[in-house]
Amino acid sequence: QVQLVESGGGLVQTGGSLRLSCAASGRTSSTYAMGWFRQAPGKEREFVAAISWSGSYTYYGDFVKGRFTISRDNAKNTVYLQLNSLNPEDTAVYYCAGQPQPYHVSDYKVSGRYDSWGRGTQVTVSS
């Protein structure tokens, strides 16, 4: 497992942008695939985006529709999630998660495959 700490959340108006960061520490952090999930009040946790350990492959939830971009800087042990064109439906707590490099693409999108989680950062989009 690795230790994960998110930052960058906040309050933004509709159409605005935020950049979330996830700082990872631990012996295997650079070899982990990383993902972002979100959970709104009264809703289930939802897959947002994921990236392979090398950064070569990225995956997104269907609702993203080109608005968000995941990236990583392994030299800094940090994963980023750029959020653009935000709307009130994007209001949620955003969680960073990590797992050993998956064998199957589908595993990137399943929260149960991740063994490390941060505490989350709140994103609130006002109308």
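Here the structure is a predicted model, which is why all the values come from computation and not from measurement.
The distance from atom CH2 of W117 to atom SG of C22, rounded to the nearest 0.5 Å, is 11.0 Å. The CG atom of D107 lies 4.5 Å from the CZ atom of R113; values are rounded to the nearest 0.5 Å. Note that CG of D73 is 5.0 Å distant from OH of Y80, once rounded to the nearest 0.5 Å. Rounded to the nearest 0.5 Å, atoms CD (E6) and CD (Q122) are 12.0 Å apart. With rounding to the nearest 0.5 Å, the separation of CH2 in W53 from CD in Q101 is 8.0 Å. Atom-to-atom distance recorded for R38:CZ and L81:CG is 10.0 Å, nearest 0.5 angstrom.
Residue G98 comes nearest to L4 through the heavy atom pair N-CD1, 3.7 Å, listed as atom of the first residue, atom of the second, then distance. Between V123 and G9, the closest heavy-atom pair is CG2-CA, 4.2 Å. Across every non-hydrogen atom of A92 and A40, the tightest pair is CB-N, 3.8 Å. The two residues S17 and V12 have their closest heavy-atom pair at N-CG2, 3.8 Å.
More than 12 non-hydrogen atoms from other residues, nucleotides or ligands lie less than 6.0 angstrom from CZ of F63. Within 6.0 Å of atom CD in Q13, 12 or fewer heavy atoms from other residues, nucleotides or ligands are found, so the atom counts as exposed in its surroundings.
Taking 4.5 Å as the limit, every side-chain heavy atom of Q82 sits out of range of all side-chain heavy atoms of S71. Looking at S7 and T121, their side chains never come closer than 4.5 Å, going by heavy atoms from C-beta outward. Between Y60 and V48 there is no side-chain heavy-atom pair separated by less than 4.5 Å. Between Y108 and S52, the closest side-chain pair of non-hydrogen atoms falls below 4.5 Å. Contact check for T14 versus S126: no side-chain heavy atoms found under the 4.5 Å cut-off. Two residues are said to be in side-chain contact when any heavy atoms from C-beta on lie closer than 4.5 Å; D115 and P100 meet this criterion.
The main-chain N or O of V2 is found under 3.5 Å from a side-chain atom of S116 such that the two form a donor-acceptor pair. In this structure a side-chain-to-backbone donor-acceptor pair under 3.5 Å is missing from T91 to E89.
Note on V105: it does not cluster hydrophobically with I51, by side-chain heavy-atom contacts below 4.5 Å among ILVMFWY residues. Side-chain heavy atoms closer than 4.5 Å link hydrophobic residues (I, L, V, M, F, W, Y) into clusters, and following such links, possibly through other members, connects L83 to V125.
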Does the pair W36 and I70 meet the rule for a side chain to side chain contact (heavy atoms under 4.5 Å, CB included), with working shown? CA-CA 8 Å; W36 287 93; I70 189 170; 3.6 Å; yes
Could you please spell out the steps behind the side chain to side chain contact (heavy atoms under 4.5 Å, CB included) verdict for V79 and S21? CA-CA 6 Å; V79 178; S21 299; over 6 Å; no
M34 and C96: side chain to side chain contact (heavy atoms under 4.5 Å, CB included), yes or no, with the steps? CA-CA 7 Å; M34 300 297 294; C96 176; 3.5 Å; yes
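Annotation: cation-pi pair R72/Y32 absent, no NZ/CZ under 6.0 Å from the ring centroid and within 45° of its normal.
Ring orientation note: the planes of Y114 and F37 are nearly perpendicular, at an angle over 60° on the 30°/60° scale.
For the side chain to side chain contact (heavy atoms under 4.5 Å, CB included) with F68, the lone residue among L18, L20, D90, N84 that qualifies is D90.
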